[in-house]
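Below: the structure, in structure tokens.
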Amino acid sequence: MTSPSNKLYINGNWIPAADTFPIIDPATGDIVGDAADADADLALQAVEAAHAAFPAWSKTTAPRRSKLLYRWYELIMEHRDEIATLLTCEMGKPFPEAKGEVSFAANFVLWYAEEAKRIYGDTVPSNEPNKRITVLRQPVGVVAAITPWNFPAAMVTRKVAPALAAGCTVILKPAEQTPLTAIRLVELAAEAGFPPGVINLVTTSSPAEVGTVLTTDPRVRKVTFTGSTEVGKLLYRQAADTIKRISLELGGHAPFIVFEDADLDLAVQGVIASKYRNAGQTCICTNRVYVHESIAETFADKLGEAVSLLRVGHGMKEGVHIGPLIDEQALAKVERHVQDALQKGATLLTGGSREGDRGYFFQATVLNNATEEMQIATEETFGPVAPLFTFQTEDEVLARANNTPYGLAAYFFTRDIGRVTRMQEGLDYGIIGANDPAPSAAIQAPFGGFKESGLAREGGKYGLDAFLETKYISLAF
Ligand code: NAD
């Protein structure tokens with residue numbers, strides 16, 4: 001593994017902080033690197049740099065911004081395997097998944113390199129012959145981007161690339177568990193040639209201290225956050241005093257509904273793809289599997305058997321499907337959810353325990369006979385555990401699927417076109433997988449949630465809106 005820089009990137013310079021903090025491989029508990037530990041003063045320096053760089057960057061032509069983004073994309077792809085190795089070592093996901101994530105991350109940069117050239121305004125017909133109405137789309141200003149550990153590369157580029165494309169300057173604060181991937185991405189952005197102050201990187205083990213600066217300083221005009229609903233609500237409140245624009249990509253509790261007419265083998269593979277990818281640590285991963293009572297037994301047998309074949313292990317080992325959870329706290333939560341379900345009457349089809357004596361591994365688990373009283377039915381588990389519930393009617397399962405404060409992703413499998421239409425319209429979720437367990441792979445599609453799963457959308461042409469203000473000009477002559 002290449003040695004990452006344990007410095008902050010502010011105003012085009014790599015600068016040290018007084019302290020550093022260690023980064024842990026969750027598969028072994030070993031230290032794999034360290035990162036600079038920024039405090040509020042260093043966060044303020046980053047805000048200052050981004051603010052000073054904004055006037056020139058916002059006036060930089062779109063083709064020039066596009067070219068720099070395109071060069072960044074090329075550099076990420078040239079270093080894909082190296083970044084993926086870093087990612088697996090600090091976060092744990094299997095190396096092939098990490099490579100997939102780096103390509104996915106790079107593709108956001110490519111998309112926004114292209115989209116930068118298509119930020120159009122409008123001319124609107126006026127009511128009077130001697131007036132003209134023009135609508136401009138202008139960059140919102142300095143952006144603070146706060147990202148989670150579960151996708152250490154993709155969450156960075158899904159925010160930073162559209163912000164830069166729009167003409168905004170950025171302060172990036174990655175998760176304290178996974179700053180190494182972010183540092184490498186920023187090193188490559190620097191190599192691509194973005195001017196000083198356009199991208200700034202602040203790593204820290206004190207997110208509340210740095211986060212307070214980023215959400216309250218009036219020079220920051222936009223906060224874009226991906227993470228837990230709890231922290232998202234806090235940042236929303238903190239950003240209120242200065243009426244910052246805010247995008248929130250928060251937690252989820254996805255239902256996965258298998259109707260009696262579904263292709264059961266496809267549905268089994270669907271649950272595996274949706275639930276066990278990233279060891280169940282994705283915001284859109286299945287949390288509740290609802291199976292029609294007439295096929296429940298067959299489905300449970302098939303799923304239990306398929307899941308028992310999934311191999312848990314170090315992400316750099318070949319043939320591993322499931323890496324470790326991120327830390328001891330995450331492991332304890334998954335264990336708690338499983339114990340609670342078993343005490344309340346669930347039965348174990350496969351898995352159910354920690355694995356190994358090093359690292360934070362949990363077996364791929366399927367729980368049968370789950371009920372609404374169990375913690376797993378309402379709380380985000382963030383681990384490789386699929387609870388199976390049964391249902392009788394379409395109306396009933398729709399109501400149960402929607403009965404949650406979350407509204408990020410929902411899945412259903414059926415071959416009835418009428419039912420497809422009713423379900424896709426009736427589910428209160430921002431992302432629907434209709435016979436598709438992997439809707440999030442499309443960078444061109446809008447990603448985001450209803451209700452307490454968030455605000456605004458990322459990805460595709462929709463992802464630019466969050467970084468643009470609309471200005472109306474009335475010209476009289
Ligand atoms: P988290 O909320 O603990 O942390 C996310 C980020 O917020 C990190 O960078 C962290 O350092 C920072 N943070 C924490 N406290 C802060 C504070 N007081 N001020 C400023 N920043 C602060 O979430 P996590 O555990 O890293 O990520 C898992 C959560 O993220 C899950 O709930 C998951 O569903 C959600 N998630 C959502 C999406 C989405 O697009 N909707 C994508 C990935 C993850």
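Counting convention: from 1, in listed order, for ligands and their atoms alike.
The ligand atoms of ligand 1 that sit less than 4.0 angstrom from a heavy atom of Gly211 are 19 (N), 20 (C). Near Trp149, meaning under 4.0 Å from one of its heavy atoms, ligand 1 places the atoms 24 (P), 25 (O), 26 (O), 27 (O). For ligand 1 and Glu176, the ligand atoms under 4.0 Å from any heavy atom of the residue are 10 (C), 11 (O). Listed by atom number, the atoms of ligand 1 under 4.0 Å from Thr226 heavy atoms are 5 (C), 36 (N), 37 (C), 38 (C), 39 (C), 40 (O), 42 (C), 43 (C), 44 (C).
Contact check on Lys461 versus Glu115 returns no salt bridge, with no Lys/Arg side-chain nitrogen under 4.0 Å from an Asp/Glu carboxylate oxygen. Here Lys159 pairs with Glu458 in a salt bridge; the nearest charged N to carboxylate O distance falls below 4.0 Å. No salt bridge links Lys344 with Glu373; every basic N to acidic carboxylate O contact stays at or beyond 4.0 Å. Ion pairing between Glu355 and Arg311 fails under the 4.0 Å rule for side-chain N and carboxylate O. By the 4.0 Å N-to-carboxylate-O rule, Asp25 lies too far from Arg358 to be salt-bridged with it. Using a 4.0 Å cut-off between a side-chain N of Lys or Arg and a carboxylate O of Asp or Glu, Glu101 and Lys93 qualify as a salt bridge.
Only the side chain of Ile146 comes within 4.0 Å of ligand 1, counting heavy atoms alone; its backbone N, CA, C and O stay farther away. The side chain of Glu380, and not its backbone, has at least one atom closer than 4.0 Å to an atom of ligand 1 (non-hydrogen atoms only; side chain from C-beta on). Contact annotation for Phe151 and ligand 1: no heavy atom of the residue comes within less than 4.0 Å of the ligand. With a 4.0 Å cut-off on non-hydrogen atoms, Ile326 does not touch ligand 1 at all. If you look at Arg158 next to ligand 1, the close heavy atoms, those under 4.0 Å, all belong to the side chain. Residue Leu235 touches ligand 1 through its side chain alone, judged by heavy-atom distances below 4.0 Å.
Ser274 and Thr286 form a side-chain donor-acceptor contact under 3.5 Å, judged by distance and modelled atom types alone.
Classified by interplanar angle (parallel below 30°, tilted 30° to 60°, perpendicular above 60°), the ring pair Phe389/Tyr290 is tilted. The aromatic rings of Tyr73 and Tyr70 sit tilted, their planes meeting at an angle between 30° and 60°. Phe194 and Trp72 have perpendicular rings, their planes meeting at more than 60° on a 0 to 90° scale where under 30° would count as parallel.
Distance check for atom 15 (N) of ligand 1: a protein heavy atom is found below 4.0 Å.
Any N or O atom pair closer than 3.5 Å counts here, and Ser228 shares at least one such pair with ligand 1. The shortest N/O to N/O separation between Met155 and ligand 1 does not fall below 3.5 Å. Every N/O-N/O distance between Thr282 and ligand 1 stays at or above 3.5 Å. Considering backbone and side-chain atoms alike, Thr147 places an N or O below 3.5 Å from some N or O of ligand 1. For Phe382, no nitrogen or oxygen atom sits less than 3.5 Å from a nitrogen or oxygen atom of ligand 1, counting backbone and side chain alike. At a 3.5 angstrom cut-off on N or O pairs, Gln177 does not count as close to ligand 1. In terms of polar-atom proximity, Thr212 is not counted as a contact of ligand 1, lacking any N or O under 3.5 Å from an N or O of the ligand. Backbone and side-chain nitrogen or oxygen atoms of Ser453 are examined, and none is located within less than 3.5 angstrom of a nitrogen or oxygen of ligand 1.
When all heavy atoms are compared, the tightest approach of Ser453 to Leu408 is OG-N, 3.3 Å.
Contact analysis puts Pro174 in contact with ligand 1, with a non-hydrogen atom separation below 4.0 angstrom.
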Test side-chain hydrogen bond (donor to acceptor under 3.5 Å, both in side chains) applied to Glu249 and Thr226, step by step: CA-CA 5 Å; Glu249 297 287 351; Thr226 296; 5.7 Å; no
